[in-house]
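To keep things clear, I will list the structure first and then write my remarks on it.
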4 protein chains.
Amino acid sequence: MTQINNIGLFTSGGDAPGMNAAIRAVVRTATYYNLQVTGIRRGYEGMINGEIFPMDGKSVANIIQRGGTILKTARSEQFRTPEGRKIAYEQLQKHGIDALVAIGGDGTFTGARAFGAEYDIPIVGLPGTIDNDLIGTDFTIGYDTAINTVIDAVDKIRDTAESHDRVFIVEVMGRDSGLIALRTGIASGAEAIVIPETETDLNALCNRLEHGRKDKSSKIVLVAEGDNAGGAFEIGRHIKERFPHYDTRVSILGHIQRGGRPSCMDRVLASRIGVAAVEALRNGHRNEMIGIIHNELSYTPFEHAIKHNVEINPNFLKIVEILSI
Amino acid sequence: MTQINNIGLFTSGGDAPGMNAAIRAVVRTATYYNLQVTGIRRGYEGMINGEIFPMDGKSVANIIQRGGTILKTARSEQFRTPEGRKIAYEQLQKHGIDALVAIGGDGTFTGARAFGAEYDIPIVGLPGTIDNDLIGTDFTIGYDTAINTVIDAVDKIRDTAESHDRVFIVEVMGRDSGLIALRTGIASGAEAIVIPETETDLNALCNRLEHGRKDKSSKIVLVAEGDNAGGAFEIGRHIKERFPHYDTRVSILGHIQRGGRPSCMDRVLASRIGVAAVEALRNGHRNEMIGIIHNELSYTPFEHAIKHNVEINPNFLKIVEILSI
Amino acid sequence: MTQINNIGLFTSGGDAPGMNAAIRAVVRTATYYNLQVTGIRRGYEGMINGEIFPMDGKSVANIIQRGGTILKTARSEQFRTPEGRKIAYEQLQKHGIDALVAIGGDGTFTGARAFGAEYDIPIVGLPGTIDNDLIGTDFTIGYDTAINTVIDAVDKIRDTAESHDRVFIVEVMGRDSGLIALRTGIASGAEAIVIPETETDLNALCNRLEHGRKDKSSKIVLVAEGDNAGGAFEIGRHIKERFPHYDTRVSILGHIQRGGRPSCMDRVLASRIGVAAVEALRNGHRNEMIGIIHNELSYTPFEHAIKHNVEINPNFLKIVEILSI
Amino acid sequence: MTQINNIGLFTSGGDAPGMNAAIRAVVRTATYYNLQVTGIRRGYEGMINGEIFPMDGKSVANIIQRGGTILKTARSEQFRTPEGRKIAYEQLQKHGIDALVAIGGDGTFTGARAFGAEYDIPIVGLPGTIDNDLIGTDFTIGYDTAINTVIDAVDKIRDTAESHDRVFIVEVMGRDSGLIALRTGIASGAEAIVIPETETDLNALCNRLEHGRKDKSSKIVLVAEGDNAGGAFEIGRHIKERFPHYDTRVSILGHIQRGGRPSCMDRVLASRIGVAAVEALRNGHRNEMIGIIHNELSYTPFEHAIKHNVEINPNFLKIVEILSI
């Protein structure tokens, strides 16, 4: 068992609901094992700037249900440079921090990997991003909440689409990944889903809208923002051109997808891997992201976690095709 | 008491949560008084096209909690012409309809007024619009739900704004009226509110953002879509220009504001005035919108209801100024 | 204008959603007018015990959307005695507090009235209670949120009632008042409402259930806890006895009605009268509760506010009768 | 490939959110494969009584987001007898039904197993129950929604518990299983969880409440209804006796846990296995429940699915212990 005394804890990258639950779990687990925890505000940027302060069980009271992150988050240009990382390491030493828990996504772990290669400090990561685009965990913290936020919004849009017999093009987050669009498309009964992982054929999409059930007056197309067809507005334009008699509207759901009270599953996931993060550091793990695969804890080296080739289950696309009849 | 036998019922214009509760109330009250009710789909357009069908208590079972309108709604160019209205009247006669309840907003009552002037058929209106921009009622059906939807969304945006120290420009509905922006701005703790009723000075707005409490890292500006400053994107551009170091984002809430389960107050309002509509027709009212002012039923001639000069309570703007300290 | 320098602020009695919005409004308005604000925890009990601390704009950051009260609340036996009130007054003097804002209900204002009669300190009250049972305001802070929580719960119960063809007796809060039951009964489409303000005839209630529309398989009866018929369990027992073939269930909604994010209207109400409370003290008001009647600020002496004879609008009962056809 | 022409579809046992999404998926998939679907109302009881009617794609429009089951559900004493099952089979023959999809839980599959043993009709089952207590699937349809409903309620209760420094004993569903209590206990930050799978020591529970962090004024104990300690009221009594100075309250969440709009994950699960059910029948499966294990379709013979020995992950109990520090 490695001798760890003081764990530095931070969130980085885009915030995600459930990050606070993870923070709470890390702090309380450290307390349980008689370790100190030191909070670092604004991710790597705050590490460099010395926004560093002691935490205890009370610091995380009554936050499990809150969206966002009490540690705040930021992107850091400085940390991309060796000079920046050097200052960061000096700050950690100054505050007696001898291990790190990083909560974030792709960029967070890219930074952690570089840092861990240069300095002898154990780092473990927790996957916190609504995009679910990391290798090494079935789900990332925040994904389940985000997809519930999306279907809540699309249910509302369906009300007005039905009332007006409209076609709605709804854009959801996912710059590199259609994972949000895919599950929410199935769950909201979308007529079609447009994602970056598959080539989008706008004419085929229009044919699909045209030849659906005749008594269906409203139609919803769910689009991931990173799709190659040009985003919701471009798709909307194409549909309007081909079907001028349709009452076609575009809705960009935007930042509401990042906030809100975390779902039960996100809180449970965050709690489980938050506990595991501290235990992993005690057991000598380093440079790994901790996730849950098939309901078991899983440890993935940072370099694998960020490879970004999460695959789309082709059955899901088939399901959309079958169910939108 | 006027002899009414068969009430035609329709929704028109933009849909609003609570319209179904109003439909239910009209149908059940008519049944209670042994009157027939005939549903008309898609507003004036369906009236002209003969989308007309009998309704009874069962037709409106289990709809009180549903957003949208089961009678659907549409805009009708034809009904703006005397020829269109003539066909509509013939359809009503053909189906034995001898009175009308119209649920909608400004455009709906403009049509009703013209129709009532040309043909001898009693019409009463119920205010159904999320905009709350009608004279003759404290609140319109749908407004309370819409403002709750907005603050739910802004609460989520605040989570991410706080986590990232961002400035968010959030655009809400209200082409001619700042009533949605005003109450939701107070309720979401916005730093500033931009509405069409007052001249917008973008420099003053920027000063306000600059000189607020220094420890406040996130700021929210709530903008009504009809504002003269050019909408949320234009305002966002201006802020970015003046404060390039701010992380400024724009979010257009869009159509989610129209849908969703109606709030308790919207259901109660819709139920009360739905009952009153049938009783008003029985008592000889015509060409009037029925609303509630100071908790009492109120009857306003259509020509007054649509005058669109709902005033902004200046105290509300003062409250925003005080509370965003 | 009375010279006020330091306002003591506390919440007392049952908590209600929106109390935090009121606290925020009082603190920020005081700051706006360059007054000090001193928080008192746990109501009168904390006043006696000296749980007193300075507040500023930052103390109330990011609380407008949170249920409960950050100042906590408690009941105080000691404050009912002259000795207790003497200690309380000495504490206020010790902390330099020269005016009070009390947020709460009936018991809170009863205490405030006694205190204001014995000591020369101006006190104004804000109505914070989910029960809406105070004279001097159309709505109390928390009522609108509570009724939305109730209909959300009853909508869920309706899902399962419909699926199983069940009769549900749902008990809501309201020891002395049927105001919660009345509006939520209309809004949830209840077949019957049982409230303390009217004599309950269980046989008539059963007849009503028996002779309703035949195709209606599920039925909901909404009961205020203070009803003389003995509460939901007793009513359930009676219905089971008379209709053993009904699948009758009882559900007590309980404390969920007190919590949750406040609705838009509750936040606006709390903000408006929170601002007004500070302005009222500056303008020499004392011993009055501040409310809003017909959209205007209203000032009611404590002795009138607590008279508890809020009347039930008889039309509401008629509406239930008509709409449950 | 077995020749199936007409699939009978029903829901049975306790209703669960997501059943409608499953119904929709079965109907649309059958339509996709050019099969007929026949709906059976009220489970086995309706099968015996001939409540049988044709369905098509339109029958299931706009139901994916609705709680409950449009096919209704009931318990059937008759079907437990060979005579009842004989009538049921004759009804199926009369309506030309040559395969069945049963959506429900333990009792549903017990019935299906008996029926399938006596008559030559292929039956597949879909796990629909909020309890998550079936072998053969990671999650049952309805569980995810139910646990979100619970934490939404407990979050509200926490607001009032915090404001009043109270101890709350909250009872959730789970007659034979602590699975709802376990995840919701972690997710709501409960101080302790009481479940039927482990022996409950009330004194140890009290010690735990007594020796927690001293600055924690509110405490929540989550109890599964089937616990051997006697339920929430009994536990509440015990705590009150030992700690008379605590302000201890009991809340039974009850039937709200069964209703409500299904979560995204429940809709996706229901859609996936709804599609799979029809494909399974086409591929010759029978007497099996279809679930998802480790994100793959899984087929479990009815006799195994109902064995009811779903195990509790002991790590979850450890997590509660660590995090409630």
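Here CG of D152(A) is found 7.0 Å from CG of D152(B). Values are rounded to the nearest 0.5 Å. How far CG of L253(B) is from NE2 of H255(A): 12.5 Å, rounded to the nearest 0.5 Å.
At a 4.5 Å heavy-atom cutoff, the contact between D15(B) and chain A is made by backbone and side-chain atoms alike. For R158(B), no part sits under 4.5 Å from any heavy atom of chain A, backbone or side chain. For T149(A), the part lying near chain B is the side chain, with the backbone staying farther off; criterion is any non-hydrogen pair under 4.5 Å. For R249(B), the part lying near chain A is the side chain, with the backbone staying farther off; criterion is any non-hydrogen pair under 4.5 Å.
Side chain of S163(B) to main chain of T69(A): a donor-acceptor pair is present (N/O by atom type, distance under 3.5 Å, no hydrogens or angles). With hydrogens and angles ignored, the 3.5 Å screen pairs no side-chain donor or acceptor of K156(A) with any backbone N or O of R258(B).
With chain B as the partner, the residue from E162(A), R261(A), K72(A), M19(A) showing the most heavy-atom pairs under 4.5 Å is K72(A).
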